[in-house]
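Atoms within each ligand, like the ligands themselves, are counted from 1 in listed order.
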Amino acid sequence: MLNGKKIILAVSGSIAAYKATYIIRDLIKLGASVKVIMTEASCSFITPLTLSTLSKNPVLIDFTKDDSTGEWNNHVDLGLWADAFLVAPATANTLSKMVTGHADSFLMATYLSAKCPVFVAPAMDLDMYKHGSTKDNLAKISERGNFIISPESGELASGLVGEGRLAEPENIVAYLTAYFKQNQPLLGKKVMITAGPTFEPIDPVRFIGNHSSGKMGFSLAQKAQELGADVTLIAGPVALPTPEAVKRIDITTAKELFTTCKAHYSNQDIIIMAAAVADYTPKTVSTTKIKKNANDWAIALEKTQDVLKWVGENKQEEQFLVGFALETNNEQENAHKKLVKKNLDFIVLNSLQDKGAGFKHNTNKITILRKDNKTIEFELKSKEEVALDILNQIIALNKL
Ligand code: CTP
């Protein structure tokens, strides 16, 4: 559940700060990436060196990295990076600042910038925990959609016994695990995605290719991973970073795509073929650079294997297969023919008639044609949002 998850652990100034070491260790063991933010007060209880060593990342305390150069830590980027923001331990002071949005620390500025779910594990003495203001603050924090990991009862640093002890690290980690489990409909599912163009060589310096950027397929891979899937991404030549925790196999030609898909398709639950595969490839590839001679030059081409069609013919009944169709005219009719011919569960149609759709954009406008003859049209959206629409359709139809 936590494999590949990006977690910010925000540590505020309580004696329970030492328990951050166990939380980090457990999160890392489960495959999460952890970045730690500390308040200055927490550094009196545990050293940044301990937490940076365990988390394998520098600990962030202040806005500036280096006063002499003005280099600064970017709380906005960090907030957007995270899949979860965990405040543990959260002191009464930090809870109060979370309610009022008092951004006087790097921790608070990052909290206000984070778009991900926020988990708050309070720790304080029993009377502080029982105090009306603490109760009101926790109620407000919870009302805003954040999750409270309640403290446990036991002996406190003051020697008093009662409620206020930071939840045990394994219980905090279990809480996060349960959260992601419930929000990961593709958990335990294997998903194979093809993306990007293929390049068909003519000679050592030239090839036949297309304008596919691979963004749609890479967004699908990232979102499927976030929804819990074990993702294999078969990528043509593109300049995109591999999404976190996704297995990537690079290919260049249609032939390599075919060989790779054949080797991996059989144990997949869901197969999404978003690659823009060349339909033809040069019959022969010159081993030396072809020199210019005559005024005309014709290259003899032969058909490539239609990989999607092959997978459609060879897949098992329970495997879910999605194809793409990029059309310029008679869009729905052409896409429907491909849906039937290639034995797909649904086909995602992009029309080059639609502004903002297709290869060169960060946006896309799709229509999904299903094998039960239902057609669903979507608005123009970012490719990330389109990826979620496609995966949600699969989840709904596959009744996962
Ligand atoms: N596809 C494939 N192998 C090929 C060609 C296409 O796997 N050799 C897949 C693409 O990944 C896409 C779907 O087939 O999911 C449709 O691709 P598209 O190029 O739109 O259709 P074609 O079947 O090639 O038909 P045409 O080019 O004539 O429109």
Please list the nearest protein heavy atom to [atom] with its residue and the distance rounded to 0.1 Å.
atom: atom 3 (N) of ligand 1; result: V307 N, 3.0 Å
atom: atom 22 (P) of ligand 1; result: K342 NZ, 3.7 Å
atom: atom 15 (O) of ligand 1; result: M273 O, 2.6 Å
atom: atom 4 (C) of ligand 1; result: V277 CB, 3.5 Å

Which segment of [X] sits under 4.0 Å of ligand 1 when only heavy atoms are counted:
X: K338; value: side chain
X: T304; value: side chain
X: D279; value: side chain

Are L369 and F320 connected in the hydrophobic side-chain network, where two residues link if heavy atoms are under 4.5 Å apart? no
Proximity winner for atom 2 (C) of ligand 1, if only heavy atoms of T194, D306, N210, V348 are counted: D306
From L321, L257, L308 - option closest to atom 7 (O) of ligand 1 by heavy atom: L308
Number the atoms of ligand 1 from 1 as they appear, then name those within less than 4.0 Å of a heavy atom of [X], with their elements.
X: L326; answer: 20 (O)
X: A325; answer: 20 (O)
X: Q305; answer: 3 (N), 4 (C), 8 (N)
X: G323; answer: 15 (O)
X: A275; answer: 10 (C), 11 (O)

Based purely on interatomic distance, does F324 place a nitrogen or oxygen under 3.5 Å from a nitrogen or oxygen of ligand 1? yes
Is the shortest heavy-atom distance from the side chain of L51 to the side chain of I46 under 4.5 Å? yes
Of K342, K315, K371, which is the lone residue that meets side-chain contact (heavy atoms from CB on, under 4.5 Å) with L321? K315
Both conditions, 6.0 Å and 45 degrees, for the charged tip of [X] above the ring of [Y]: are they met here?
X: K35; Y: W81; answer: yes
X: K135; Y: Y129; answer: yes
X: K5; Y: F180; answer: yes

Protein non-hydrogen atoms only, distance under 4.0 Å: does atom 24 (O) of ligand 1 have such a neighbour? yes
N362 and K215: side-chain donor and acceptor closer than 3.5 Å? yes
Quick one: are the ring centres of F147 and Y179 less than 6.0 Å apart? yes
Between D269 and G188, what is the shortest heavy-atom contact and its length? OD2-O, 4.1 Å
Residue among K247, Q225, K189 satisfying side chain to side chain donor-acceptor pair (under 3.5 Å) with D230: K247
